[in-house]
Amino acid sequence: MKLLNVKLAERSYPIYIGQDLLNDSELMCKHITGNKVMLISNDVVSPLYLDKVIATLSSGGKTVDTTILPDGEVHKNLTTLNLIFDELLANKHGRDTSIVALGGGVIGDMAGFAASCYQRGVEFIQIPTTLLSQVDSSVGGKTAVNHPLGKNMIGAFYQPNAVYIDINCLNTLPAKEFAAGMAEVIKYGIIWDKEFYEWLKVNQSLIKTLDPATLISMIETCCAVKADVVSQDEKEHGVRALLNLGHTFGHAIESEQGYGVWLHGEAVAAGTVIAAKTAQLLGHINDDEFDDIKSIFRLFDLPISKPDSMPFEAFIEHMAVDKKVLAGKLRFILPIGIGHAQVITGIENNMLKHAIENH
Ligand code: NAD
Ligand code: GLY
């Protein structure tokens, strides 16, 4: 088992990465202070893992209640969130309860937001079960639900007490969802670590066949980068913004298509190609680097172009409510070569139009 730490003074917490963690009662109860647990999952993940997690927590002496939400990004909203509060109150959970998220990024983001505001904040544990949530969303404390007018617009920064990454969960993940997670994995290579970017290409077949040692090493690298970035800039006043590479364009795609039509990771992949095209037009990456970025997404079965039917104007409309807008100005994360990225403002609309229409 690998152990990393997110260093945030008194709110620091461990990330455990390994196999069969969900059966380890001592480990899974280690960061739960009280006796009561509200386990949050959905109707796809619960038939696979709920009984196992209940048994593990129960044998550690915890009393476990459950809230099973409907599956999918389309349900990541305030109405569904309220179901968690209904269950917490109906089952008389007090301030000493712990909320445990068992699922992908949708469950993690909603359970985390519920934990941040139930009785003004209760303990929170992440058990991410998708690749995307294991390499990104379970670490760093961003929690949220969507609004019809914008993705993740209602939420809070709220760090978990611990993150348990059991790679065995990936054995049941559909291939399309695994590919979507790879978009965030590739992101770390582009913004932070060229050596890792090259490693991904070399190891693509071991990654795709879910070789355990390769997966653990890959997830550990991603979580180490994320832990480092979050420790430096928890609330995204600086370097953390780089983790949003491709997300400004990607969120526009997700919102325009309707939540859940394009997977988050798919939208991030196409969004990153548009960001890379913009960087190429500005001279921040060369033609070979642009082609390389496109080809690595293709290698991992991800889309490299925006939806055909989505015009430039639709991007502009959605991007105007992006969380990175400051003083009314759009800010974009662009690759600077491969292995570095920067926040760039003041990009002319005609250049954005060219990048969006010709990537
Ligand atoms: P998801 O949570 O919708 O999971 C994808 C699908 O896989 C769902 O149908 C889910 O039920 C199913 N599933 C989950 N685990 C499974 C398993 N082990 N076996 C079989 N099926 C399984 O999507 P996601 O890609 O995990 O997360 C996307 C969400 O994460 C988006 O809402 C995005 O905004 C959010 N996100 C948040 C952050 C953050 O920092 N908080 C970062 C990136 C993305
Ligand atoms: N996924 C972007 C972040 O956590 O900041």
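Order of listing sets the numbers, starting from 1, for every ligand and every atom in it.
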L132, N152, V44: member with heavy atom nearest to atom 12 (C) of ligand 1: V44
Within-shell test, H247 vs ligand 1, heavy atom, strictly < 4.0 Å: no
Taking only non-hydrogen atoms of N244 and a 4.0 Å limit, the atoms of ligand 2 in range are 2 (C)
Could you tell me whether ligand 2 has any atom less than 4.0 Å away from a heavy atom of H247? no
Which segment of T172 sits under 4.0 Å of ligand 1 when only heavy atoms are counted: both
Using a strict 4.0 Å cut-off to heavy atoms of K151, name the atoms of ligand 1 that fall inside it. 31 (C), 32 (O), 33 (C), 34 (O)
With a 4.0 Å heavy-atom cut-off (strictly under), which part of K176 contacts ligand 1: side chain, backbone, both or neither? neither
Heavy-atom contacts with L243 under 4.0 Å: which atoms of ligand 2 show up? List them by number with element. 2 (C), 3 (C), 5 (O)
Tell me which protein heavy atom sits closest to atom 1 (N) of ligand 2, plus the residue, atom name and distance to 0.1 Å. D136 OD1, 3.1 Å
Polar contact flag for V106 and ligand 1 (N/O pairs, less than 3.5 Å): yes
Using heavy-atom distances, let me know which of G104, S137, A183, G265 sits nearest atom 36 (N) of ligand 1. S137
Candidates T130, V139, D166; heavy atom nearest atom 4 (O) of ligand 1 found on T130
Check whether any N or O atom of K142, backbone or side chain, sits under 3.5 Å from an N or O atom of ligand 2, and answer yes or no. yes
Could you tell me how the ring of H251 sits relative to the ring of H247: parallel (under 30°), tilted (30 to 60°) or perpendicular (over 60°)? perpendicular
